[in-house]
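Worksheet for the structure shown next.
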Number of protein chains: 2
Amino acid sequence: MLKRVKRKSGHVTLSDVARACQLSVSTVSIVLSHAPLSLRLAAATRERIHATAMRLGYHPDAYARSLRNRSTKTVGVLAYDMSDPFCVPVVRGIEEGLLPANYFSLLMDAQTERRLFDSSLRMILERRAEGVIVIASWVFEEANLLADVEKNHVPIIIVGRDLTERRIPSFLVDNQAGGALAMNHLLSLGHRRIAVIRGPEDLFDSEPRWKGVQLAANRAGVHLDPRLVLSLSNRVDPISGFDGGLQLAREMVSSAPGFTAILAFDDLTALGVVRGLKKEGLRVPEDCSVIGFDDILPAAVSTPGITTIRQPLHKMGSLATQRLLEALQKADRANLSAATPDMLAPELVVRDSSAPPPTKARSRSASAALRHAPVSTPRSTPNKP
Amino acid sequence: MLKRVKRKSGHVTLSDVARACQLSVSTVSIVLSHAPLSLRLAAATRERIHATAMRLGYHPDAYARSLRNRSTKTVGVLAYDMSDPFCVPVVRGIEEGLLPANYFSLLMDAQTERRLFDSSLRMILERRAEGVIVIASWVFEEANLLADVEKNHVPIIIVGRDLTERRIPSFLVDNQAGGALAMNHLLSLGHRRIAVIRGPEDLFDSEPRWKGVQLAANRAGVHLDPRLVLSLSNRVDPISGFDGGLQLAREMVSSAPGFTAILAFDDLTALGVVRGLKKEGLRVPEDCSVIGFDDILPAAVSTPGITTIRQPLHKMGSLATQRLLEALQKADRANLSAATPDMLAPELVVRDSSAPPPTKARSRSASAALRHAPVSTPRSTPNKP
DNA sequence: TTGTGGACTTGAAACGTTTGAATAGTGTAT
DNA sequence: ATACACTATTCAAACGTTTCAAGTCCACAA
């Protein structure tokens, strides 16, 4: 039985090891932290110290160590909502970037709550993260905490949203290019009467994506029927897009049928659309094609697999990390700043939810189209091809 | 312009605030930490201190504070893989339990890698978490680090796996009941020729789930054709079940057709099965019903929605947290221990992937069944109903 | 004996907090 | 005047580390 001194915390400390070895704390520290001095120590002593530390289950106190070293090797990661499948690959990308640099991620989940966003950021600051990566998709208010981040000279980077207006380096997908990519895919399959479900207003991505969609349509001389352009309402939680897509798809089928494809704001919306179309008796892709955006897991594993525009989420995370680490490398720790966002190229992923439009003869959708709304006549535009 | 002393770290400290206020560090600390003594201080002073702290963007150093207070208010959460949709709700449940208690979660993602599991646990220990919750689904080796956890008197709890053999409190779903629930659902719909896809051997859940399935089948006097009982191979990553389900479903259709339902090990497997059946020209649920297990997001948003056995993931997380917090409340910090696992009741969630078996007259599946393998004759069993 | 130098080990200060004990300042009753 | 009781503020030590400067030994050369 060990004689057990009344202890404050249950943790084994350096001095516990030192006592057990009959050596000073300094010596033990030198050995266990592999300081250069340890080479000057008798090999036998080193051995004894290591053995004892292992036997007692010693683990250095990161808090004391960081205090002394003035370095925490920690990067705060503030995700807006970990239950959004969007966040997961980004976080993974960040962690994989951090690992080889021996940095450690302090992951906070804001759960789409403003209050939590603030307290998480405060936490990150208090825990002395050397840098912060924010994964933000919804438009968060001018958090005055961001000012505190700057006052404390903590470099910050944002993923998924453009905040270069505040000179914060931003990594995001090129939404406009993505919107165009999606539209062009449908056009190239031969679709002309295309419904669009735009994102909610409070989401940064909505506008540029829609712009890309319009641009591509205009360029091809395809008219977008206003009755077939609806918007999701502001989201309350990450998967509300599903219900939105389901609802809006059904509405469109009854109010303005005859479209042969739906371009949805994101994958969850697209999945909702598929469900809605099914309820209305339409098959995907035979009667109506569907395309999403993001390429999250559910899009890949549902049947039919959802054709979508992939955001390089993993890459966004790892690039942001790269950038942050570079800044941390520099001794001066100057605040990062950037004038233009880093826009990553989206990528079309063709799965089974998109196909050429039904031939008029045998499709329910196409016959409806003929009945209510003739295919718009292509117009040539001044744009280059 | 502030005169700026050459500073080691960019962080604003108590003494910065003290200097700016012309007060001592103690005074400032007393006020900013809302110590009882602060009531004895002049209101004006308090005011001045708060204002200055805010102006400078002061945030207390959690490291120094924890060091001094010997309390980190931190619980380590070690998830086996955050890209598995299984983990996300559990973590959410944990965080929601921790929040009101003013505890803070230190989330580590082991990414299904043994090496990372170890280093994450070490990290958690070094960061002086007061307790640990491990979300483990695959069988991890006798991590000797777990011994260190005990040596340091850190209570530990496991979610998703029974480790009471090592006296570690365990929260998990009652897999056997779940397996039976799934089978009974299919039976009650009228299915008699049912295929089963068992989980991989290295997954703890596989065995009890299968046992429940068998039990329910026996009780109903339904024979399970060995050709229709296949196992997933050991998983390399969380979504490998999808490919497995896809593959095995196709194999079964060609090698032993005629079944009217597939009971899949988990939701991703079920989603794979749906895809596989589709490829073989079978419709779900018209030609073949499919049931999964877990109730993860993709199961809910795919079309048809996957009928599944819901694990109360959120609840598992919050119950584990409750239990841990109770232990932390007690001053003695005795190691937790438990002799029997807490098994939570699973819940049947009926969606659109399950339906009564096709009537023989018009179904492809049924005609195949008749051709190759007649429906097994029900046998009565000695079991009670 | 007295250095001298090497090999090995330790003392002490500092990191940013908190907190019980101590100090200065100010009336007020003796 | 002195003691007393406030009020408002500060001192100093400690938490567990790391690291530089400074020990202590001891063998061996002078």
Side-chain angles (χ1 to χ4, degrees), chain A residues 5-49 53 56-73 125-128 130 152, chain B residues 5-49 53 56-73 125-128 130 152:
Chain A
V5 190
K6 169 76 168 298
R7 246 225 251 345
K8 321 94 215 303
S9 93
H11 282 283
V12 181
T13 74
L14 265 190
S15 69
D16 290 323
V17 180
R19 193 168 331 109
C21 290
Q22 315 256 50
L23 284 171
S24 77
V25 171
S26 315
T27 310
V28 176
S29 164
I30 286 166
V31 171
L32 293 181
S33 64
H34 300 102
L37 269 183
S38 74
L39 295 173
R40 303 240 146 129
L41 279 171
T45 309
R46 286 201 298 253
E47 201 40 58
R48 184 156 51 104
I49 292 175
L56 298 183
Y58 169 79
H59 290 269
D61 183 323
Y63 285 69
R65 184 179 271 190
S66 298
L67 191 56
R68 161 74 213 208
N69 290 347
R70 256 172 239 90
S71 111
T72 58
K73 286 293 189 184
L125 242 20
E126 293 187 353
R127 289 207 140 60
R128 296 298 187 254
E130 297 177 15
N152 285 283
Chain B
V5 191
K6 168 75 167 298
R7 243 225 249 348
K8 322 87 212 299
S9 96
H11 281 281
V12 182
T13 74
L14 266 191
S15 69
D16 291 321
V17 180
R19 196 172 323 114
C21 289
Q22 314 257 52
L23 284 170
S24 78
V25 170
S26 315
T27 311
V28 176
S29 164
I30 286 166
V31 171
L32 292 181
S33 64
H34 300 101
L37 272 182
S38 74
L39 296 172
R40 305 239 145 130
L41 279 171
T45 310
R46 287 202 297 252
E47 203 38 61
R48 184 155 52 103
I49 292 175
L56 298 182
Y58 169 78
H59 289 269
D61 183 322
Y63 285 70
R65 183 178 270 190
S66 297
L67 192 56
R68 161 74 213 204
N69 290 344
R70 253 174 239 89
S71 110
T72 56
K73 287 290 187 187
L125 242 20
E126 293 185 355
R127 290 196 136 70
R128 294 299 186 252
E130 298 177 14
N152 287 280

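Numbered from 1 within each chain, the chains take letters A, B, ... in sequence-line order.
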Heavy-atom donor-acceptor pair, B:Glu130 side chain to B:Ser71 backbone, under 3.5 Å
no
Write down the distance between CZ (A:Arg68) and C1' (C:dA12), rounded to a whole number of angstrom.
11 Å
If you take all heavy atoms of A:Asn152 and B:Gly57, which pair is closest and at what distance?
ND2-O, 2.9 Å
Looking at B:Tyr58, does any N or O in its side chain come under 4.0 Å of the phosphate oxygens OP1/OP2 on C:dT17?
yes
Checking the side chain of A:Ser33 only, and the main-chain atoms of A:Ser29 only, is there a donor and an acceptor separated by less than 3.5 Å?
yes
Answer yes or no: side-chain N or O of A:Ser26 and base N or O of C:dG11 forming a donor-acceptor pair under 3.5 Å.
yes
Quick check on the helix from C:dT1-D:dA30 to C:dT30-D:dA1: what's the angle between its two end axes, five base pairs per end, to the nearest 10°?
100°
Counting the atoms with a prime plus P, OP1 and OP2 as sugar-phosphate, which does B:Ile30 contact under 4.0 Å by heavy atoms, base, sugar-phosphate, or nothing?
base
Hey, can you pull the residues of residues 39-48 of chain A with a non-hydrogen atom under 4.0 angstrom from DNA chain D?
none
Comparing B:Ser24 and A:Ser15 on DNA chain D - which has the more 5′ nearest nucleotide
B:Ser24
Roughly how far apart are B:Ser66 OG and A:Arg127 CZ, rounded to 0.5 Å?
6.0 Å
If I take atom CG in residue B:Leu14 and atom P in nucleotide C:dC15, what distance separates them, rounded to the nearest angstrom?
13 Å
So how far is it from B:Leu14 CG to B:Ile30 CD1, rounded to the nearest 0.5 Å?
10.5 Å
Below the 4.0 Å mark, does C:dA14 have OP1 or OP2 next to a side-chain nitrogen or oxygen of A:Arg65?
no
Minimum heavy-atom distance B:Val12-B:Tyr58, with the two atoms named
O-CD1, 3.4 Å
Heavy atoms under 4.0 Å, any strand shown: does A:Thr27 hit a base, just sugar-phosphate, or nothing?
base
Taking for B:Leu67 and for A:Ser29 the nucleotide of DNA chain D with the nearest heavy atom, the one nearer the 5' end belongs to B:Leu67
Between the side chain of B:Arg70 and the main-chain N/O of B:Leu67, is any donor-acceptor distance below 3.5 Å?
no
Does some side-chain heavy atom of A:Asp61 sit less than 4.5 Å from a side-chain heavy atom of A:His11?
no
